[in-house]
Amino acid sequence: MLAVVHAPRELAATTEALRAGGQRVGLVPTMGALHAGHMSLVQAVRDAGATRVVLSVFVNPLQFGPKEDFSKYPRTLPDDLELCRAHGVDVVYAPAAEQMYPPGFQTHVEVEQLTQALEGAARPTHFRGVTTVVAKLFNATGPCVAAFGRKDYQQWRTLERMAADLDMPVQVLGCPILREPDGLAMSSRNRYLQPEHRTRATAIYAGLRGASAAFAAGERRVARLEELARAGVAAAFDSIDYVTVAGAQDLAAPGEQAAEHSVMLVAARIGGTRLIDNAILGQDCLV
Ligand code: PAF
């Protein structure tokens, strides 16, 4: 039976009782508008040993900039609950903004270096909002494992760092990107795309595939790998925030040659929608 809770204390009491009964609690933090990618995270925490799954649905105002899509972000709680029931989620945590951030709230969590470039450069307050809300979710839930999608690659690395630096006793999983049959990475924001833009949006996958295949064939020049990924995206999208190779662990700029474990990251805008995607070179996006 799916339990739906709204207050942090209600969640804490629920998971405390689960742990006291010998259950291992897994957490899947989301902003709702759930799709198959989120459900793969539910499976991932189970595969990692969770015997009960908490899924949070909270459109976090703290991680949106003033000109971003907070107000139009899709809110589909009834559908989300149906999907959670169908996938055997045990608890949905759906707090209101004032339950998450009551009057007087003034404490934030910040990961300093990993958050500077890429998404951090394009969205300066974004990661502070993400780390703060996820720290609160970890505290209220007390999970042994939590799963995040690798589509938000920098977010995953940042949250991994936060948990390590703050001695949070939780395993942070980064789970493979789920893609539509034509390669577009699944995302709640895909709902914004007009049909014409939806078709053009596959250019990101095509670019990542080109770069990943070239890397697998021995290409290591960063400029060439970026050029391979960029060309199609530039033609299909209205603008590009970045198409860049970075170290897979530290997200550092690699110099002229890409290392064995490098990730290609893309952020681009089409018809007012900003999409991000990435591939670990020579490993992802090869088919
Ligand atoms: O990836 C997301 O959906 C959000 O950034 C997260 C991790 C749920 C925090 O609000």
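Any value given below was found using the heavy atoms of this structure, including those in side chains, with hydrogens, waters and symmetry copies removed. Count residues from 1 along the sequence. Just so you know, ligand 1 is whichever comes first in the structure, and atom 1 is the first atom listed for that ligand.
- Contact annotation for T30 and ligand 1: only backbone heavy atoms (N, CA, C, O) come within less than 4.0 Å of the ligand.
- Between H38 and H35, the angle of the ring planes lies from 30° to 60°, which puts this pair in the tilted group.
- Heavy-atom proximity to M31, at under 4.0 Å, picks out these atoms of ligand 1: 3 (O), 4 (C), 10 (O).
- A salt bridge does not link R221 with E226: none of the charged nitrogens is closer than 4.0 Å to a carboxylate oxygen.
- Under a 4.0 Å criterion applied to the non-hydrogen atoms of Q155, ligand 1 contributes the atoms 1 (O), 2 (C), 4 (C), 5 (O), 7 (C).
- Annotation for ligand 1: atoms under 4.0 Å from non-hydrogen atoms of V133 are 9 (C), 10 (O).
- For ligand 1, the atoms lying closer than 4.0 Å to a non-hydrogen atom of P29 are 8 (C).
- Of the protein's non-hydrogen atoms, Q63 OE1, 2.6 Å is the one closest to atom 10 (O) of ligand 1.
- Backbone and side-chain nitrogen or oxygen atoms of N60 are examined, and none is located within less than 3.5 angstrom of a nitrogen or oxygen of ligand 1.
- Counting only distance, with no hydrogens or angles, the side chain of S212 and the backbone of L281 share no donor-acceptor pair below 3.5 Å.
- Interatomic distance, L275 CG to N190 CG, rounded to the nearest 0.5 Å: 6.0 Å.
- Donor-acceptor pairing under 3.5 Å is lacking for the side chains of Y93 and E10.
- Side-chain contact of Y73 with N60: a donor-acceptor pair under 3.5 Å is absent, judged by distance alone.
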